[in-house]
2 protein chains.
Amino acid sequence: MKTPHSDPTPDLHTVLVQNLGLAIAEGTLQANSVLRLDSLEKEHNVSRSVVREATRVLCSMGMLESRRRLGTVVQPEETWNLYDPQVIRWRLASSKRLDQLQALNELRGAIEPQAARLAARRASLEAGSDLVSLAARLWAAGHGGNQDEFLRLDIEFHAAVLRASGNPMFSQLHNLVKELLTGRAEHGLMPHLPHHEALQLHVDVASAIQRGEAESAHAAMSRIVEQFVEEMAEIWSKHHAPGEDS
Amino acid sequence: MKTPHSDPTPDLHTVLVQNLGLAIAEGTLQANSVLRLDSLEKEHNVSRSVVREATRVLCSMGMLESRRRLGTVVQPEETWNLYDPQVIRWRLASSKRLDQLQALNELRGAIEPQAARLAARRASLEAGSDLVSLAARLWAAGHGGNQDEFLRLDIEFHAAVLRASGNPMFSQLHNLVKELLTGRAEHGLMPHLPHHEALQLHVDVASAIQRGEAESAHAAMSRIVEQFVEEMAEIWSKHHAPGEDS
DNA sequence: CCGTAATTCAGTATGATTTATTTATGAAGA
DNA sequence: TCTTCATAAATAAATCATACTGAATTACGG
């Protein structure tokens, strides 16, 4: 058996996209900087095709714009595709990580309650039951102190609600929520025991959706997100005594 | 003076991205179809580099995935970047236009009220005043029956609120709102005279933001979006007697 | 059944050529 | 002298064509 999780050496253009994307997101490559393709070739020791493909991708993300006779120009943040998964990751990896986290939390705060509301209006009986059972298992895992299982079910629950909204644009944000939840766990910003209220709220969301009570579903989901942010902020402030960062 | 709005012949790779993107969004190229680079070369009469750059871009949008020895495979909708401006346009141009419009309206319904709420908490005095004055001009244009001016100001108003939210991910969605508003106007789905209530609601949003009344701002903006959808649906149903589509 | 070779694509490299755009140039006109 | 405008030169991206590398799959032979 070969090692199951060894990335089989990513393609060169992928690496270059990564490098440039990170540098632009970080600000190392400032807006309005001009890059020339042939210098990128030499700096990164790759061929023109690789450079072209990479820059082309970054152009479509709004991070570059290539103009004849000028070069390819680094674009300001306003034109980036802030919803592109890669851009999100780059921003999370940059020094503006906290700003990005806040933006993502606010986005989540806008989307998830609305998704819950729509789910309550649209979810099939089956989907409703699935959500209720998911919430029950989540509740059990929370009370049983099984952190890994709790995280897994939490992610699955929120993905299920988003999916039940019937709006593909909402469904797609399950990746977002996933990143936020795992991010919180990885950085030790999660309380050892999930708050009882939070557990109950998940159950409330599920049963409201099952019963078609749109406004209750919306309200409960709003509380979940609010609590999430509050908890994170609280534990964050404990961890970070004045004078720290990163 | 040369004609000001003549596109200077788009680059070949751009055209190819467009063609393939449209075909995939439409479903002409179904998920799991396999494309080969050299056949694309011949079919579109372009060189290898053009094909590679185009497919690379579509890969980064999640619409293609290229695998060695296999070819490049068309991906299902779930993996597309539904927030990419190009993808949004392609979906709006496809036969699923109505579904996409609904999804976008629901997204807007989630984002804008939350943006108004945050704007109320964060907007500077100056930004608040600007909003109020913008709303006043909007109100005047609405009452004066100046449709073009009304549309222009409406777009500007919503963009300003999104910007005032302080969340760049929200700000970026001003393009979305713009497309929805202009789309409505272009398709004759706009009442000749904007409803008085709608005009008043815009004023309400602005003054709530100026005063820092987050919940009022949220509520008023919610009503605006609700009304927008209702109006569109109403006029839509009048235009489309039973048995029509397109 | 397993290991090896052949096959088949995408990935990379490189040289030559075309095209759009800016900048420089210069001639005609005020 | 200074403008104006057309024209030419320069530059870097865009395109084309070809060759070569490498990974994954299939076919083959033991």
Side-chain angles (χ1 to χ4, degrees), chain A residues 1-21 24 29 31-75 79 86, chain B residues 1-21 24 29 31-75 79 86:
Chain A
M1 187 203 306
K2 75 170 71 172
T3 52
H5 288 299
S6 59
D7 303 317
T9 36
D11 292 329
L12 290 184
H13 62 260
T14 306
V15 176
L16 187 54
V17 167
Q18 211 72 2
N19 287 191
L20 293 175
I24 296 172
L29 288 174
N32 297 319
S33 310
V34 177
L35 310 176
R36 263 168 294 100
L37 294 186
D38 49 355
S39 45
L40 287 176
E41 265 183 62
K42 286 158 198 161
E43 288 166 24
H44 295 83
N45 290 305
V46 288
S47 71
R48 259 210 315 297
S49 24
V50 171
V51 173
R52 299 205 97 256
E53 287 166 32
T55 53
R56 189 61 60 236
V57 167
L58 288 162
C59 285
S60 95
M61 290 175 175
M63 301 183 89
L64 293 178
E65 182 176 327
S66 64
R67 299 177 54 177
R68 288 177 135 119
R69 159 93 196 197
L70 239 201
T72 73
V73 187
V74 178
Q75 297 301 108
T79 73
Q86 300 214 70
Chain B
M1 191 204 306
K2 73 171 69 170
T3 52
H5 287 300
S6 60
D7 303 317
T9 33
D11 293 328
L12 290 184
H13 64 259
T14 306
V15 176
L16 187 53
V17 166
Q18 211 71 2
N19 285 297
L20 293 175
I24 297 173
L29 288 175
N32 298 317
S33 310
V34 176
L35 310 175
R36 263 167 288 101
L37 295 187
D38 50 353
S39 46
L40 287 176
E41 267 182 62
K42 286 157 198 160
E43 288 166 24
H44 294 83
N45 291 306
V46 288
S47 73
R48 196 183 180 93
S49 27
V50 171
V51 173
R52 299 210 93 252
E53 287 166 33
T55 53
R56 189 62 58 234
V57 166
L58 289 162
C59 284
S60 95
M61 290 175 176
M63 300 184 90
L64 293 178
E65 182 176 326
S66 64
R67 297 176 55 179
R68 291 180 131 119
R69 161 91 196 198
L70 236 199
T72 74
V73 187
V74 178
Q75 297 301 110
T79 73
Q86 302 214 69

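Lettering follows sequence order; numbering is per chain, from 1.
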Exercise. Take the protein atom NE2 of A:H44 and the nucleotide atom C1' of C:dA13, then report the distance between them rounded to whole Å.
Key: 17 Å
Practice problem: Using a 4.5 Å cut-off on heavy atoms from C-beta on, say whether the side chain of B:R56 contacts that of B:S66. | Solution: yes
Self-check item: B:E65 side, atom CD; B:T55 side, atom OG1 - distance, nearest 0.5 Å
Solution: 12.5 Å
Practice problem: Test for a donor-acceptor pair under 3.5 Å between the base of C:dG15 and the side chain of A:R48, counting only N and O atoms. | Solution: yes
Quiz item: Are B:H13 and D:dA14 close enough that a side-chain N or O sits under 4.0 Å from OP1 or OP2?
Solution: no
Quiz prompt | Atom pair distance, as rounded to whole Å: CG in B:N45 and P in D:dT15 | solution = 14 Å
Practice problem: Spell out, as yes or no, whether a donor-acceptor pair under 3.5 Å connects the side chain of B:T79 to the backbone of B:G62. | Solution: yes
Quiz item: Looking at B:L29, B:L58, B:N32, which one forms a side-chain contact (heavy atoms from CB on, under 4.5 Å) with B:V74?
Solution: B:L29
Self-check item: Non-neighbouring partners of A:R36 that pass salt bridge (charged side-chain N to carboxylate O under 4.0 Å, His left out), sequence neighbours left out
Solution: none
Quiz prompt | Lys/Arg N to Asp/Glu carboxylate O, A:R68 vs B:D11, below 4.0 Å | solution = yes
Practice problem: Select from A:D38 and B:V50 the residue whose nearest nucleotide in DNA chain D is closer to the 5' end of that strand. | Solution: A:D38
Quiz item: For A:L16, which contact category applies under a 4.0 Å heavy-atom criterion: base, sugar-phosphate, or nothing?
Solution: nothing
Quiz prompt | d(CZ, A:R56; C1', D:dA14) in whole Å | solution = 8 Å
Practice problem: Go through residues 64-73 of chain B and report each residue with a non-hydrogen atom lying under 4.0 Å from DNA chain D, sorted by number. | Solution: B:R67, B:R68, B:R69
Quiz item: Does the side chain of B:R52 come within less than 4.5 Å of B:H13's, by heavy atoms?
Solution: no
Quiz prompt | Atom-to-atom span, CG of A:L37 to P of D:dA14 - whole angstrom | solution = 7 Å
Quiz prompt | Between C:dT8 (P) and B:R36 (CZ): distance, integer Å | solution = 11 Å
Quiz prompt | Any A:S47 side-chain N or O less than 4.0 Å from OP1/OP2 of C:dA13 | solution = yes
Practice problem: State whether B:R52 places a side-chain N or O below 4.0 Å from either non-bridging phosphate oxygen (OP1 or OP2) of C:dG11. | Solution: yes
Quiz item: With respect to the side chain of B:D11, which nucleotide from D:dC16, D:dA14, C:dA13 is positioned closest?
Solution: D:dA14
